[in-house]
Number of protein chains: 2
Amino acid sequence: ARRGPVELRRIEDRTSRQVRFSKRRSGLFKKAFELGLLCDAEVALLVFSPAGRLYEYASSRYMQVKKYKSV
Amino acid sequence: ARRGPVELRRIEDRTSRQVRFSKRRSGLFKKAFELGLLCDAEVALLVFSPAGRLYEYASSRYMQVKKYKSV
DNA sequence: ACCTCTATATATAAACA
DNA sequence: TTGTTTATATATAGAGG
């Protein structure tokens, strides 16, 4: 239901930003999982939401990561 | 040009797997970048290709990661 | 590995619940 | 925050170079 391409800049409205974060996050994690499965790749993904919540994925235990430095 | 949905299992043909890895990898990194930009999130992404080559992205230096253990 | 093409699958913005 | 719906944007499989 959008008319043009997505503008590539920070979403100002807080509620819209959080909703779009949730939706794009799930899409990103799905793609990460599929890349590992389809292509036999190892993947690690860490995401902090604007609210500071951590989401993570590792395709195997060898891909577990440690955050280098706290924000 | 494909007729049905993508089969969610490892691609057996080595050449096809590598080609699809390259394409999906670039898509995944693009999505990771956009999530950070649009939604003000912090993102770290590490991918090892089937050939053992490393690709990485961090939305900021605070999201740099160290691999925990070698494959 | 990486580009072009293009038909089709998939993601997703917006509105709403 | 998660889900539904739907119109549209975007990703991508497969073929070819």
Side-chain angles (χ1 to χ4, degrees), chain A residues 1-60 62-71, chain B residues 1-60 62-71:
Chain A
R2 80 208 117 139
R3 340 168 200 166
V6 171
E7 288 189 57
L8 284 182
R9 59 191 184 83
R10 183 175 181 278
I11 299 159
E12 295 303 328
D13 181 67
R14 178 190 159 86
T15 301
S16 299
R17 192 169 64 244
Q18 289 183 331
V19 169
R20 286 170 71 171
F21 172 77
S22 293
K23 294 185 177 180
R24 278 180 171 258
R25 170 177 50 80
S26 59
L28 183 64
F29 276 83
K30 183 181 180 187
K31 291 285 189 183
F33 169 76
E34 291 184 358
L35 183 66
L37 177 62
L38 293 170
C39 304
D40 209 20
E42 296 284 356
V43 181
L45 179 59
L46 284 182
V47 177
F48 280 92
S49 75
R53 183 168 186 155
L54 174 63
Y55 299 87
E56 50 191 327
Y57 169 70
S59 59
S60 76
Y62 299 112
M63 290 302 282
Q64 288 173 35
V65 290
K66 300 180 88 165
K67 203 157 161 305
Y68 180 59
K69 201 171 180 180
S70 196
V71 178
Chain B
R2 78 212 122 141
R3 342 170 199 163
V6 171
E7 287 188 58
L8 284 181
R9 60 193 184 82
R10 182 177 181 278
I11 300 159
E12 295 303 328
D13 181 66
R14 178 189 158 88
T15 301
S16 299
R17 191 168 66 243
Q18 289 184 332
V19 170
R20 286 170 70 170
F21 173 78
S22 292
K23 292 182 178 182
R24 279 178 171 260
R25 170 177 50 81
S26 59
L28 183 64
F29 277 82
K30 183 181 180 187
K31 291 285 190 182
F33 169 77
E34 290 184 358
L35 184 66
L37 177 62
L38 293 170
C39 304
D40 210 20
E42 296 284 355
V43 181
L45 178 59
L46 285 182
V47 177
F48 280 92
S49 75
R53 183 169 185 152
L54 174 64
Y55 300 87
E56 50 190 328
Y57 169 70
S59 59
S60 75
Y62 299 113
M63 290 302 282
Q64 286 173 35
V65 290
K66 299 179 91 166
K67 201 154 164 305
Y68 180 58
K69 202 172 180 179
S70 197
V71 178

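In what follows, chains are A, B, ... by sequence order, proteins preceding strands, each numbered from 1.
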Problem - Pairing residues for R10(B) by the side chain to side chain donor-acceptor pair (under 3.5 Å) criterion, not counting sequence neighbours - result: D40(A), E12(B)
Handout entry: Spacing between L38(A) atom CG and dT10(C) atom P, to the nearest angstrom
Key = 11 Å
Handout entry: Earlier contact from the 5' end, DNA chain D, for P5(A) and A51(A)
Key = A51(A)
Fill in the blank from the handout: Expected list for residues 27-37 of chain A near DNA chain D, using heavy atoms below 4.0 Å, is K31(A)
Fill in the blank from the handout: Residues passing the side chain to side chain donor-acceptor pair (under 3.5 Å) test with S16(A), sequence neighbours excluded, are D13(A)
Practice task
Side-chain contact test, heavy atoms from C-beta onward, threshold under 4.5 Å: evaluate it for F29(A) versus V47(A) and give yes or no.
Solution key: yes
Exercise for the section: Give the rounded distance in Å between these two atoms: CZ of R53(B) and C1' of dA1(C). Expected result: 9 Å
Problem - Taking every non-hydrogen atom, the tightest pair across M63(A) and L46(B) - result: CE-O, 3.8 Å
Practice task
Tell me which residues in residues 9-26 of chain A put a heavy atom below 4.0 Å from DNA chain C, sorted by number, or none.
Solution key: R20(A), K23(A), R24(A)
Problem - Axis deviation across the helix from dC2(C)-dG17(D) to dA17(C)-dT2(D), five-pair ends, to the nearest 10° - result: 50°
Problem - Residue pairs fulfilling salt bridge (Lys or Arg N to Asp or Glu O under 4.0 Å) with at least one residue in residues 17-33 of chain B, sequence neighbours excluded - result: E34(A)-R24(B)
Exercise for the section: Decide if atom OH of Y55(B) counts as having more than 12 heavy atoms of other residues, nucleotides or ligands within a radius under 6.0 Å. Expected result: yes
Fill in the blank from the handout: Residues at least two apart in sequence or cross-chain that pass side chain to side chain contact (heavy atoms under 4.5 Å, CB included) with S26(B), listed by chain then number, are none
Handout entry: Results of side chain to side chain donor-acceptor pair (under 3.5 Å) for R9(A) - residues two or more places apart only
Key = E7(A)
Completion exercise
Taken in chain and number order and not counting sequence neighbours, the residues that satisfy side chain to side chain contact (heavy atoms under 4.5 Å, CB included) with A32(A) are V43(A), L45(A), Y57(A), L28(B)
Problem - side chain to side chain donor-acceptor pair (under 3.5 Å) against S49(A), all qualifying residues, sequence neighbours excluded - result: none
Handout entry: Integer-rounded Å distance: dA13(C) C1' and E7(A) CD
Key = 12 Å
Fill in the blank from the handout: Heavy-atom nearest pair, C39(A) first then P50(B), reads O-CG, 3.0 Å
Practice task
Take V6(A) and V6(B), find for each the nucleotide of DNA chain C with the closest heavy atom, and name the residue whose nucleotide sits nearer the 5' end.
Solution key: V6(B)
